[in-house]
Colleague: 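Handing you a structure now.
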Amino acid sequence: MHWADVAAKSLSHRGDTHVISTGITPSGEFHIGHLREILTGDMLARAAKDAGLDVDFIFIVDSADPLRKVYSFLGPEFEQFIGHQLGAIPAPKEGDNNPDWQRFNEEGWTYADHFLTPFMDALAEIGVRPRIVDNLRSYQDGKFAQQAKLACDSADDIREIIERVSSRELASDWFPWSPLDSKGSLDGVKVTGYEYPLVYWIDSHGVEGSSDITKGQGKLPWRIDWPAKWSWIGVTCEAFGKDHGAAGGSYATGREISTLLGHEPPQPLTYEWISLRGKGAMSSSSGNTIGPIEALRLVPPQILRLLIANSKPNKAIDFDTGMGLVTLADEFERLCTRDFDSEMSEEDISRRKLVQIEDAKAALRLSMVEPGEIAKATSVSFRHLALLAQTKSSDDAIWQSLVSSGAINEPTKQLQDRLERMRYWISSEHFPEEMRINILSTPNEQALSSLDDEQKAVLKGLTAALHNCQWDSESIGSAIPQAAKDLEFSPRSAYRAAYAALMGLEKGPRLAPILAEMDKVQIMNLLDSCCQLV
RNA sequence: GGGCCUGUAGCUCAGUCAGGUAGAGCGUCGGACUUUUAAUCCGAUGGUCGCGGGUUCGAACCCCGUCAGGCCCGCCA
């Protein structure tokens, strides 16, 4: 059974109504690692709905978290906001990346909005539409009031849980509430007393004050904030990264604190990280990232979904924006054309085979942008489209080629969309070299020397034929095989010779349309030089 | 130091929970397509299941140990 269906089935044993949650801190540019968080949750939510459960899928935006430091993508003026909540400070402004006070004051446009909005747009395109829970607003609206009171009343119990489970010692003045100081920062504030609903404090400037825990004048520390959310929202299942999932991590303390707060801990689903192939783990601060938005400009959303659907959550994904993406995309096409039901009804099918077919079927179902959407193959592989996009200058020429070869009747919107992404991909640094069409500028002697006498002879005839040939795709296309036929050889020898001379390869893509797009004089010079060498 | 995850074909991974003849895709190789050849179709190739013990009629799977990689026990998807 597919991992999402397994998890959904396990959820069904707990009850019929579920709140499946995910959460991310909008501290910087989102990357596809974050996409795994939310897609894991989305797929689980869909699987649970398919299993007949009543599901509310939510995305908690941790806008109450403080700015930790002045990241490399921020202007120096952000120094003043360290420790301030992401949903309460201005966004970086285009240009100098310093705080955009104007938009902040006029529209209330915050740091959190700035990073969240493009991510939400990408999510919509990928078919993920969770209910958004803004954490800062929830605090301000008093949603945390009851849990915050319980936590502060049980400060000693919570301290005991965290110290025991994470085997870490808490400071003597530790308190389960982080008040905002006189300047709006959560850093360097010492709690001096508590009398519901007020927490008394003294800040790093020596200022004293009080914080009302029912009105969001501060927040719960992360390890309590999380279970408190589970409690007031009623979360029954949450997908989270392996960092939270390890023994002693925040889930381990969270589940005990959750019980203390009177809420049954949610069913966990821990997932592994995504790294960029050859570049190690994704990290916003090192700039080693690829955003969901950029990934979407390369491939259609279904393929991004397949990336997640195809890997069990506990498997690390090494995201490859080069050949790996071609393989993934072609696999998606293949899945679309398969008839799973007839495959499964085959006689004498092994249990192992059956599992494989089931998983493939489920992965495809979960890869659809719209739940329940029927997969339709485009009948044009990524590989083939990459080739066409490189050899034809206009889109119309590509559709013409595909129609005349019988691959399609007309360019669908899906195909047009795919071609657009393909053209962007080809122009990007991610496009793999081995897919790129390269016509040599000087002869490749090694490739030429591998030709046999027959092929060498054909090369000369071919060169002569092309000299006299009209320079269009059709004429070139007939001149190449004809050169071999004139010498009573198989057309294959002409192609073999042409690839060796023009590209230094044994085989390659359709030559005629490529040559037709190129300068005849340049090609003929290359071929003439080759003829002199053989 | 304590704990979690991962290790299966050249590559990406199923299969481990409920032990029963080692699987898929990609790649590679071969064939077919005689004006196309990175396409498509057909076929083949490929693994001491990290290593060592144990339990069992039987172990990739269960148990013990061990090696390697990643991660957690401040913050992090």
Side-chain angles (χ1 to χ4, degrees), chain A residues 2 6 22-25 27-28 30-41 62 65-66 68-69 162 165-168 170 221-223 239-253 270-275 277 280-285 310-318 320 323-324 326-328 330-331 334-335 350-360 363 379-381 383-388 390 405 407 434-437 474-485 489-492 494-496 498-499 503 505-513:
Chain A
H2 191 269
V6 172
T22 58
I24 301 177
T25 303
S27 57
F30 283 78
H31 53 66
I32 46 172
H34 296 106
L35 207 54
R36 188 169 204 179
E37 159 102 14
I38 197 136
L39 274 178
T40 301
D62 282 327
D65 286 5
R68 304 267 172 213
K69 61 175 185 176
I162 293 177
V165 177
S166 74
S167 60
R168 120 197 193 216
L170 296 173
W222 163 245
R223 278 179 186 258
F240 49 83
K242 64 170 173 178
D243 48 339
H244 293 317
S250 44
Y251 182 76
T253 50
T270 314
Y271 60 85
E272 254 283 356
W273 309 77
I274 297 183
S275 56
R277 189 170 179 80
M282 202 103 35
S283 155
S284 306
S285 50
N310 236 354
S311 309
K312 300 211 289 190
N314 67 353
K315 285 281 181 185
I317 294 178
D318 204 15
D320 178 2
M323 280 314 290
V326 180
T327 307
L328 186 68
D330 283 347
E331 181 172 354
R334 238 188 345 270
L335 283 175
S350 69
R351 179 187 142 203
R352 180 171 296 168
K353 183 91 183 166
L354 198 64
V355 165
Q356 243 161 23
I357 298 169
E358 255 178 28
D359 282 359
S379 67
V380 182
S381 74
R383 241 169 242 279
H384 192 51
L385 191 63
L387 194 150
L388 291 173
Q390 287 181 90
S405 70
E434 62 175 293
M435 294 278 291
R436 195 152 267 161
I437 294 171
E474 201 176 325
S475 309
I476 299 169
S478 65
I480 297 175
Q482 192 57 47
K485 286 182 161 186
F489 295 137
S490 147
R492 174 179 304 205
Y495 290 111
R496 178 75 174 74
Y499 287 122
M503 304 179 77
L505 302 172
E506 284 186 23
K507 55 183 181 177
R510 294 171 174 244
L511 272 176

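Within every chain, numbering begins at 1; the chains are lettered A, B, ... in the order of the sequence lines, protein sequences first and strands thereafter.
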Colleague: Between B:U48 and B:U8, how far is it from one P atom to the other, in whole Å?
Modeller: 13 Å

Colleague: Identify which nucleotide among B:U35, B:C5, B:C71 has an atom closest to any side-chain atom of A:Asn314, counting heavy atoms from C-beta outward.
Modeller: B:C5

Colleague: Locate the shortest heavy-atom distance separating A:Tyr495 from A:Pro481; write the atom from each residue and the value.
Modeller: OH-CD, 3.6 Å

Colleague: With sequence neighbours left out, write down each residue that passes side-chain hydrogen bond (donor to acceptor under 3.5 Å, both in side chains) with A:Glu37, or none if nothing qualifies.
Modeller: A:Tyr271

Colleague: Rounded to the nearest 0.5 Å, how far apart are NE2 of A:His34 and CD1 of A:Ile274?
Modeller: 10.5 Å

Colleague: So, for A:Pro313 and A:Arg36, which heavy atoms are closest and what is the spacing to 0.1 Å?
Modeller: O-NH2, 3.4 Å

Colleague: Under 4.0 angstrom, heavy atoms only, what part of the nucleic acid is A:Arg496 near: base, sugar-phosphate, or nothing?
Modeller: nothing

Colleague: Distance check, P atoms only: B:G70 and B:G65, in whole angstrom units.
Modeller: 23 Å

Colleague: Given B:C71, B:C5, B:C26, which nucleotide is nearest the side-chain atoms of A:Lys242?
Modeller: B:C71

Colleague: Please report the distance, rounded to the nearest Å, between CE in A:Met503 and P in B:U36.
Modeller: 18 Å

Colleague: Would you measure the distance from the C1' atom in B:A9 across to the matching atom in B:C26 and give it in whole Å?
Modeller: 12 Å

Colleague: Could you tell me how far B:C62 sits from B:G15 if I compare only their C1' atoms? Round to whole Å.
Modeller: 16 Å

Colleague: Please report, rounded to the nearest Å, how far the C1' atom of B:C4 is from the NE2 atom of A:His244.
Modeller: 15 Å

Colleague: When the C1' atoms of B:G19 and B:G58 are considered, how many whole Å apart are they?
Modeller: 8 Å

Colleague: Restricting both atoms to N or O, compile the protein contacts to nucleotides 16-20 of chain B shorter than 3.5 Å, with distance only.
Modeller:
none

Colleague: Among the nucleotides B:U6, B:U37, B:U34, which one has an atom lying closest to any side-chain atom of A:Lys485?
Modeller: B:U34

Colleague: With A:His244, which residues qualify under ring pair (Phe, Tyr, Trp, His ring centres under 6.0 Å), at least two apart?
Modeller: A:Trp222, A:Trp226

Colleague: Rounded to the nearest Å, what distance is computed from the CD1 atom of residue A:Ile274 to the C1' atom of nucleotide B:C76?
Modeller: 15 Å

Colleague: For RNA chain B, whose closest nucleotide is more 5', that of A:Gln390 or that of A:Arg334?
Modeller: A:Arg334

Colleague: Between atom CH2 in A:Trp222 and atom P in B:C72, what is the gap in whole Å?
Modeller: 15 Å

Colleague: If I pick the C1' atom on B:G43 and the same atom on B:C57, what distance separates them, to the nearest angstrom?
Modeller: 38 Å

Colleague: Want to settle it: does A:Gln482 or A:Ser250 sit nearer the 5' end of RNA chain B, counting the closest nucleotide to each?
Modeller: A:Gln482

Colleague: For A:Pro509, does its backbone N or O pair with a side-chain atom of A:Tyr499 as donor and acceptor, under 3.5 Å?
Modeller: yes

Colleague: Please report, rounded to the nearest Å, how far the P atom of B:C75 is from the CZ atom of A:Phe240.
Modeller: 14 Å

Colleague: Under 4.0 Å between any heavy atoms, over every strand shown, what does A:Arg68 touch: base, sugar-phosphate, or nothing? Just pick one.
Modeller: sugar-phosphate

Colleague: How would you list, by chain and number, every residue that makes a salt bridge (Lys or Arg N to Asp or Glu O under 4.0 Å) with A:Glu331, sequence neighbours excluded?
Modeller: none

Colleague: Between atom CD1 of A:Ile317 and atom CG of A:Leu35, what is the distance when rounded to the nearest 0.5 Å?
Modeller: 10.0 Å

Colleague: Looking across every strand, which nucleic acid part, if any, lies under 4.0 Å from A:Ile480 by heavy atom: base, sugar-phosphate, or nothing?
Modeller: nothing

Colleague: To the closest 0.5 Å, what do you measure between OG1 (A:Thr25) and CZ (A:Arg68)?
Modeller: 7.5 Å

Colleague: Please confirm whether the shortest side-chain N or O distance from A:Asn310 to OP1 or OP2 of B:U12 is below 4.0 Å.
Modeller: no

Colleague: Could you tell me how far apart A:Arg223 (CZ) and B:C76 (P) are, to the nearest whole angstrom?
Modeller: 9 Å

Colleague: Rounding to a whole Å, what distance do you find between A:Leu328:CG and B:G27:P?
Modeller: 14 Å

Colleague: I need the CD-P distance between A:Glu272 and B:C76, as an integer number of Å.
Modeller: 17 Å

Colleague: Pick the C1' atom in B:G27 and in B:C13, then give their distance to the nearest Å.
Modeller: 14 Å

Colleague: Can you tell me which nucleotide in B:U35, B:A14, B:C71 comes closest to the side chain of A:Trp273?
Modeller: B:C71

Colleague: Would you please name every residue forming a side-chain hydrogen bond (donor to acceptor under 3.5 Å, both in side chains) with A:Asp330, sequence neighbours left out?
Modeller: A:Arg383

Colleague: Hey, does A:Glu331 reach any base, or is it just sugar-phosphate, or nothing, if we go heavy atoms under 4.0 Å?
Modeller: nothing

Colleague: Could you give the distance from NZ (A:Lys242) to OG1 (A:Thr270), rounded to the nearest 0.5 Å?
Modeller: 11.0 Å

Colleague: Between B:U36, B:C76, B:G15, which one does the side chain of A:Asp243 approach most closely?
Modeller: B:C76

Colleague: Determine the contact category for A:Ala316: base if any of its heavy atoms lies under 4.0 Å from a base atom, sugar-phosphate if only primed atoms, P, OP1 or OP2 are that close, otherwise nothing.
Modeller: sugar-phosphate

Colleague: Given Watson-Crick or G-U pairs with both distances under 3.5 Å, what dot-bracket string fits RNA chain B, with | for other-strand pairs and [ ] for crossing?
Modeller: ((((((((.[[[[.)....(..]]]].(((((.......))))).....[[[[[..)....]]]]])))))))....

Colleague: Please work out if A:Thr25 contacts a base, only the sugar-phosphate, or nothing of the nucleic acid, heavy-atom cut-off 4.0 Å.
Modeller: sugar-phosphate

Colleague: What distance, rounded to whole Å, do you find between the two C1' atoms, one in B:A59 and one in B:C51?
Modeller: 16 Å

Colleague: Please determine, for the side chain of A:Ser478, which listed nucleotide (B:C33, B:U36, B:U35) has the closest atom?
Modeller: B:U35

Colleague: Could you measure the distance from the CG atom of A:Asp65 to the CD1 atom of A:Ile24? Nearest 0.5 Å is fine.
Modeller: 12.0 Å

